[in-house]
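Here is the structure we will look at, set down as structure tokens.
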Number of protein chains: 4
Amino acid sequence: MASRGVNKVIIVGNLGNDPEVRYMPNGNAVANLSIATSESWKDQQGQQQERTEWHRVTMYRRLAEIAGEYLKKGSQVFIEGKLQTRKWQDQQGNDRYTTEIIADNMQMMGGRNDSQGQNGQGNYQQRPQNNQSVQSNQSPPSQAPQGTGGFNQGQSAPSNQPTNTPKMSEPDIDFDDDIPF
Amino acid sequence: MASRGVNKVIIVGNLGNDPEVRYMPNGNAVANLSIATSESWKDQQGQQQERTEWHRVTMYRRLAEIAGEYLKKGSQVFIEGKLQTRKWQDQQGNDRYTTEIIADNMQMMGGRNDSQGQNGQGNYQQRPQNNQSVQSNQSPPSQAPQGTGGFNQGQSAPSNQPTNTPKMSEPDIDFDDDIPF
Amino acid sequence: MASRGVNKVIIVGNLGNDPEVRYMPNGNAVANLSIATSESWKDQQGQQQERTEWHRVTMYRRLAEIAGEYLKKGSQVFIEGKLQTRKWQDQQGNDRYTTEIIADNMQMMGGRNDSQGQNGQGNYQQRPQNNQSVQSNQSPPSQAPQGTGGFNQGQSAPSNQPTNTPKMSEPDIDFDDDIPF
Amino acid sequence: MASRGVNKVIIVGNLGNDPEVRYMPNGNAVANLSIATSESWKDQQGQQQERTEWHRVTMYRRLAEIAGEYLKKGSQVFIEGKLQTRKWQDQQGNDRYTTEIIADNMQMMGGRNDSQGQNGQGNYQQRPQNNQSVQSNQSPPSQAPQGTGGFNQGQSAPSNQPTNTPKMSEPDIDFDDDIPF
DNA sequence: TTTT
DNA sequence: TTTT
């Protein structure tokens, strides 16, 4: 109910690979995504520079299933979650630490990146089957006072379907053995 | 379950007045807070400038009760929520709009950092009695999927449908005359 | 340099109309966008409910120009900015208040919404001419567009010094009659 | 100017130790902070559970100096920044990765809410030496402590304790053996 | 109306 | 290692 602190991460980036979805013994899904965000700037010499940051994102349950179904390599996605560093042992028995973003909210961007119908986009939040987690942002209309309604609500409609998303950077190959991420 | 879009606000500021707490017919608490954030900068003349922004924040249920109990004029607080503009009519019958931050997460600041006693500070998130809304950030160890099955729901979660969503919103009557904020 | 408080808004939504871009006497661009975010949930009766929230977003300088060039009705966009409520007088001389999101960072989603090549997407932030980094939250009164001319305009904001900051943003003339948004 | 993606972290937590401040050859300060955020919940058995997450935070220049001057073990602070994972080699020559939060905005919490004196609190953001505004998300390589001296390393540096940090940044001597964080 |  |  009460905790001390805020631990929030928000990223908008592209998947370097298709999501990896596994299932727990209890049937819950777990998805691992590798998402890239990049920033570019000019250095002192006026040279354009770019740096790509790869984020390891983990999702559970329904969110994991949705990711596995709608996201793929190259997909652009908005992720909201928290940071979590877990400890593990490598083959030599050394302690290792891997930091991941545990997602609790996801918004697929750009609709179709494979150009078809319209869909495959939307905001999904953790919404445990029993009644756990979740997020409030979208929670019911909390106080929803509205009333009339009126205009504009049509909502605007998005569009952006034809997203020919990209090759993205780096093949992102490898990620071998010992590397936690 | 799914929504399109992200609507998030994060502020850290000070209360301009003690929280105003009211109770709905159904017994739920509603709190209204006026929170200031300010920024300062130097203008071209090198003059120090400052601008204060006042935010109208609304909280419901448990969060409202906690605010009423622990916050007061001058308190520094971290608020996370969403924007919501509601329409109302002024005395002349004109449509008016007021934008508020509907909070779903609160972190009282200012614990003792000067090493003395301790006090009421901590992070509180919407955690409806029935089991609605809420936020995930703090949700149980969300990563913790494995294992059993159900668990986790402990607090964290909310479940979105069984949301006894509420009438909540209460007409929001009152708020006097003409001033929206 | 130092300010008290944090005032941050993050939304991902769709434009309800094409951006409205105007130019200040000093040549700086100002763009007004109407962006929708929506959330859906099931009420107690199990009925699917939806609520759309419309956000008024204002951008300055370079960001405004980019918005005018690449965004259109329906475009999905990520916006980061701060809340700002400005006071104005309606025709009856009554005080009115309108809350806007002053954007300092924008990320066009979904690449092409018109289906062509790949592009038209990317993250743009307020970035002073000298080419530093920037962001507005704390930045000087990023909204501060007006005034002279010159500098900083690069994009909206930053620079913390030469900001001819302002007495708030432009009168915001125009916007018709009575409706604040 | 333009980048693809958003990489943002927001935490509110307490320092586990006094900040470690070092200076680069070029005179720029670099601070390493270890900040804890915790969440609590009840497990299936109704047992109160708690999990603490430790975040490694790195700041540069002015922000680093302010942190060194005003923060200390136990201080509560709001941090906004971006995630950055740097690669380094351990003694066995294995690749290791450490994820840090490169801060570009800081708000010291805990001013007096109990009405007494006043103190060192406030929001400080990255503000390049030339005195512009700044922020890092998009900012150029904000970590890029320009100037000479091996700049950019700026970023890697830190390590707050056991970091066998890497070549990257600065000598970054010390920091023991194998543990990255 | 807060805070610095 | 913090904090509650």
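Each chain gets a letter, A, B and so on, in the order the sequences are listed, and its residues count up from 1. Computed over heavy atoms, backbone and side chain alike; hydrogens, waters and symmetry mates excluded.
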(message) Using a heavy-atom cut-off of 4.0 Å across all strands, would you classify B:Thr37 as base, sugar-phosphate, or nothing?
(response) nothing

(message) If I take atom CZ in residue B:Phe78 and atom C1' in nucleotide E:dT3, what distance separates them, rounded to the nearest angstrom?
(response) 18 Å

(request) Nearest whole angstrom, please: distance from the C1' of E:dT3 to the CG of B:Asp18. (result) 15 Å

(message) Check this for me: does the side-chain of D:Thr52 come within 3.5 Å of the base of F:dT1 through a donor and an acceptor?
(response) no

(request) Report yes if some heavy atom in the side chain of A:Val9 is under 4.5 Å from a heavy atom in the side chain of A:Glu80; otherwise report no. (result) no

(message) Measure NZ/D:Lys42 against P/F:dT4 and give the value in whole Å, please.
(response) 20 Å

(request) Give a yes or no on whether a donor-acceptor pair under 3.5 Å exists between the nucleobase atoms of F:dT3, that is its base, and the side chain of D:Asn14. (result) no

(message) Can you identify which nucleotide, out of F:dT4, E:dT1, E:dT3, has its nearest atom closest to the B:Ser38 side chain?
(response) E:dT3

(message) Nearest whole Å is fine: how far is E:dT2 P from B:Lys72 NZ?
(response) 14 Å

(request) Sequence neighbours left out, what passes side-chain contact (heavy atoms from CB on, under 4.5 Å) with B:Thr85? Give chain and number order. (result) B:Tyr97, B:Thr99, C:Glu53

(message) Whole angstroms only, please: what is the CZ-P distance between A:Arg4 and F:dT1?
(response) 18 Å

(message) Can you tell me if D:Trp54 is stacked onto the base of F:dT1, using a 5.5 Å centroid cut-off and an angle below 30°?
(response) yes

(request) Would you give the length of the straight line joining atom CZ of B:Phe78 to atom CE of B:Met108, rounded to the nearest 0.5 angstrom? (result) 13.5 Å

(request) Could you tell me the separation between the CD1 atom of B:Ile66 and the C1' atom of F:dT4, rounded to a whole number of Å? (result) 13 Å

(message) From CD of B:Gln107 over to P of F:dT4, roughly how many Å is that when rounded to an integer?
(response) 11 Å

(request) Grab the CD-C1' distance between B:Gln48 and E:dT4 for me, whole Å please. (result) 11 Å

(message) By the definition side chain to side chain contact (heavy atoms under 4.5 Å, CB included), identify the one residue from B:Leu33, B:Leu83, B:Thr58 that meets it with B:Glu100.
(response) B:Thr58

